[in-house]
Each structure stands twice: as structure tokens, then as C-alpha cells.
Amino acid sequence: VITGAYLIPPILSGADVNTGFSTESLKDAYNVFNAVTEPGRERIQKEVNKILKAGDFGIDSIELTPLSLTSRYSKDCS
């Protein structure tokens, strides 16, 4: 239910996938999900940066970047 409501590809949520698990499928799903969520990240970044510029927080701006499949424990899969 949650994966459908938030458009999370089944392979990213650990759900069984009829085609089986493959690194290529995971990379494809990850890239699609990052693309789908990009407008939201950009909007959040823009609004947070407005707040930071208006206040005295000692931080000028933030940059939200998409997650990657890189782990400190494994090779880069992207």
C-alpha cells in the first residue's frame, strides 16, 4: 500500500518482483525514483534557502542531492 501511494518502485521497497532481483533493475528503479522526486527536492531546497537567507543561522544555503547507490561498504553501482 505504501509503495503504491508514494510511487516507490517495488524493487526499492524490497517487495518481490516477478522478474527477480538484478543490479540493473535496481539501478533503473533508483534512477527513475530520483527523477520522480527531483521537483520535490528542488522545491524544498528553494524554500529552505529562502528561510536561511532571511534569518541569522550562520548557513547561507543548502543543496539537496539525490541519493546514490554508493555505499562505503560496496562498489559504486551507479
Side-chain angles (χ1 to χ4, degrees):
V1 174
I2 292 174
T3 58
Y6 292 101
L7 303 175
I8 298 170
I11 196 163
L12 292 182
S13 64
D16 289 335
V17 180
N18 292 337
T19 60
F21 179 82
S22 75
T23 302
E24 200 60 38
S25 296
L26 180 59
K27 286 193 288 188
D28 290 345
Y30 215 85
N31 290 334
V32 168
F33 193 66
N34 271 331
V36 168
T37 59
E38 183 175 16
R41 284 193 312 273
E42 289 175 349
R43 179 68 189 260
I44 291 168
Q45 179 178 302
K46 180 180 175 183
E47 297 302 322
V48 168
N49 284 335
K50 283 183 189 177
I51 294 167
L52 293 174
K53 287 179 184 173
D56 185 21
F57 299 102
I59 300 171
D60 295 329
S61 66
I62 63 163
E63 181 180 347
L64 299 179
T65 56
L67 295 175
S68 73
L69 290 172
T70 305
S71 168
R72 65 182 176 169
Y73 302 110
S74 64
K75 295 172 85 175
D76 183 1
C77 294
S78 57

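Just so it is clear, the values below take in all heavy atoms, side chains as well, and ignore hydrogens, waters and symmetry mates.
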*Who are the side-chain contact (heavy atoms from CB on, under 4.5 Å) partners of K46, not counting sequence neighbours?*
K50
*Quick one: list whatever passes side-chain contact (heavy atoms from CB on, under 4.5 Å) with E38, sequence neighbours left out.*
R41, E42
*Is it possible for you to say whether L52 and I44 belong to one hydrophobic cluster, with membership spreading through side-chain heavy-atom contacts below 4.5 Å?*
yes
Output side-chain donor-acceptor pairs under 3.5 Å for residues 54-65, partner residues at least two apart or in another chain, one line each.
none

